[in-house]
Amino acid sequence: MDKEKERRATWVPGAVIVGAGPSGLAAAACLAARGVPATVLERSDSLAFTWRHRMYDRLALHLPKRFCELPLLPFPEEYPTYPNKDQFVTYMERYAAASGVAPRFGASVEEAAFDAPAGAWAVRLAGGEVLMTRWLVVATGENAEPRVPEFPGMRQFAGRVLHTCEYKSGEDFAGEKVLVVGCGNSGMEVSLDLCRYGAKPSMVVRNTVHVLPREMLGLSTFGIAMALLKWLPVQLVDRFILAAAHLTLGNTSQLGLRRPKTGPIELKNLTGRTPVLDVGTLDHIKSGKIKVVGAVKEVTSRGARLADGSKEEQFDAIILATGYRSNVPSWLKDGGDVFTREGTTKTPFPNGWKGRNGLYTVGFSQRGLLGASSDALSVARDIHCQWRERERL
């Protein structure tokens, strides 16, 4: 560590956690429960920033709340099975208060690198302040930055172009023809929301996709799958789920939604691709209220041409339901044993939470809130063992 950095550096007791979303709060709460202090750094001005400011109004949890609660604090009993966005944000606020976690807001990490002579991580914030810590927990998650593809001709489009992180309600698009790029959970739900306000969405489906009913026989499809996986191999569970989905939803290929050859759970385990849980979108596709189209060849000033060779179709707006990406490569140095160049973890769940030199990750398991909870518990247990050994010295 050079003298200038040493002069400005501050040693932090316990761990430094980057990110005050569900993953960062869970890690801090689990550490606090074990008596290990943690400094939570958040670049925005509020906790759960993505949930608070980047999610559309009608969003609700796709899985039952029992699969989405964080360690040490269940959802309130009065909450519905699928809490909405505002209820989840309130839960996050209660969670932080109950565990005594007070993030440091406006703390943007510009670089974190391991300082071998000091045997610690040097975390440099915007403005030059440097924090030194034995344990660095990366909890910025897989959805830190919007993924915005650049289609040919996009800049000449005369209408509105926005990512779903900017979309709030279909009310803003009443009566308009809207091209929704993406057919994941966000693309499906935004298309449905647009219909409810009289807009005319066309949903771009470029690849195969598994669409499953959110519930089967009054039970969560995810819950059924998790129960069956305790006794049966994943391929057999996939066959059962797909057979039940066919009976409930029909042949989705006839709607332009071709299924992958690999089953939904196996595909999720292999690639992280999450199946879509239908909440009524398919009914609108069947009735023609939502049009399914193929890949976009180019965007024109008035609309778009599709790759299938069809003529130009006019649109008033384009909504990019193209997901998010990690921002870890932009600031974390010396994380090559854990992270890929794209900012995803190299080791699959449940063993991707620990790296070398006191580096940890929470929320990169491609298992949603359930995976983040598992990571947080593992990280807190491991750091606590080292903390206890240091106290004995």
Side-chain angles (χ1 to χ4, degrees), residues 56 58-64 67 82 164 170 177-196 199-226 228-229 232 234-296 304 306-310 313 319-323 366 368:
Y56 41 91
R58 77 177 304 272
L59 177 68
L61 295 180
H62 296 123
L63 303 181
F67 296 114
Y82 301 94
T164 48
K177 290 188 64 178
V178 183
L179 183 66
V180 179
V181 182
C183 61
N185 280 301
S186 294
M188 289 276 195
E189 290 195 358
V190 165
S191 297
L192 180 61
D193 190 51
L194 288 166
C195 284
R196 290 178 173 173
K200 301 173 183 178
S202 293
M203 184 173 64
V204 173
V205 180
R206 293 172 292 177
N207 301 308
T208 56
V209 57
H210 278 299
V211 183
L212 305 176
R214 186 166 69 171
E215 294 185 347
M216 297 178 178
L217 302 175
L219 299 174
S220 160
T221 299
F222 181 80
I224 292 173
M226 293 300 99
L228 292 176
L229 285 171
L232 302 173
V234 63
Q235 291 85 356
L236 193 57
V237 174
D238 272 337
R239 290 179 189 175
F240 173 82
I241 294 296
L242 288 175
H246 184 81
L247 289 174
T248 305
L249 304 176
N251 185 354
T252 60
S253 295
Q254 295 177 350
L255 303 175
L257 302 169
R258 297 178 295 108
R259 292 192 183 278
K261 294 181 179 179
T262 307
I265 300 174
E266 185 177 9
L267 187 66
K268 171 69 173 174
N269 292 342
L270 292 173
T271 68
R273 287 179 58 187
T274 302
V276 174
L277 297 177
D278 181 53
V279 290
T281 309
L282 289 188
D283 289 338
H284 284 66
I285 294 175
K286 293 174 183 177
S287 67
K289 294 180 179 179
I290 297 175
K291 182 180 178 181
V292 174
V293 299
V296 175
L306 304 178
D308 61 7
S310 58
E313 188 168 350
I319 298 176
L320 302 173
T322 47
Q366 299 181 329

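Since we're looking at a predicted model, the values are computed, not measured. In this chain, residues are counted from 1 in sequence order.
The shortest heavy-atom contact between Tyr82 and Pro64 is CE2-N, 3.5 Å. Of all heavy-atom pairs spanning Pro275 and Leu212, the tightest one is CB-CD1, 4.0 Å. Of all the heavy atoms in Gly256 and Val292, the pair that sits closest is O-CG1, 3.9 Å. Residues Met203 and Met188 share a closest heavy-atom pair of CE-SD, 3.7 Å. Pairing each heavy atom of Ala304 with each of Leu179, the nearest pair is CB-CD2, 4.1 Å.
Between Pro213 and Asp278 there is no side-chain heavy-atom pair separated by less than 4.5 Å. Asn185 is listed as a side-chain neighbour of Leu277, based on a closest heavy-atom distance under 4.5 Å. Looking at Met226 and Ile224, their side chains never come closer than 4.5 Å, going by heavy atoms from C-beta outward. Cys183 is not listed as a side-chain neighbour of Val276, based on a closest heavy-atom distance of 4.5 Å or more. Looking at heavy atoms from C-beta onward, Glu189 lies in side-chain contact with Tyr56 at the 4.5 angstrom threshold. The closest side-chain heavy-atom distance from Glu215 to Phe222 is not below 4.5 Å.
Of the possible polar contacts, one joining the Asp238 side chain to the Glu266 backbone as a donor-acceptor pair under 3.5 Å is found. Here the side chain of Arg259 pairs no donor or acceptor atom with the backbone of Leu242 at under 3.5 angstrom. Looking only at distances, no side-chain donor or acceptor of Thr208 sits under 3.5 Å from a matching main-chain atom of Arg258.
With rounding to the nearest 0.5 Å, the separation of OG1 in Thr281 from CG in Asp193 is 10.0 Å. Taking CE from Met216 and OG1 from Thr221, the interatomic distance works out to 4.0 Å, rounded to the nearest 0.5 Å. Taking CZ of Arg273 as the reference point, atom NE2 of His210 lies at 7.5 Å (rounded to 0.5 Å).
Under a 4.0 Å N-O distance rule, the pair Glu313/Lys291 qualifies as a salt bridge.
Under the rule for a side-chain contact (heavy atoms from CB on, under 4.5 Å), the partners of Pro201 that lie at least two apart in sequence or sit in another chain are Val180, Ser191, Leu194, Cys195, Ile290. Partners of Leu255 under the side-chain contact (heavy atoms from CB on, under 4.5 Å) rule, at least two apart in sequence or in another chain, are Leu282, Ile285, Lys286.
Side-chain contact annotation: Ser202 with Lys177, donor-acceptor N/O pair under 3.5 Å absent.
Summarising the local packing, CZ of Phe240 is surrounded by 12 or fewer heavy atoms from other residues, nucleotides or ligands at distances under 6.0 Å.
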Decide side chain to side chain contact (heavy atoms under 4.5 Å, CB included) for Val205 and Val293; before the verdict, give the C-alpha distance in whole Å, the side-chain angles of both, and the deciding distance to 0.1 Å.
-> CA-CA 6 Å; Val205 180; Val293 299; over 6 Å; no

Atom pairs and distances, donor-acceptor, side-chain atoms in residues 245-254, under 3.5 Å, two or more places apart:
unit_1, atom_1, unit_2, atom_2, d
Thr248, OG1, Ala244, O, 2.9
Asn251, OD1, Ser253, N, 3.0
Thr252, OG1, Leu257, O, 3.0

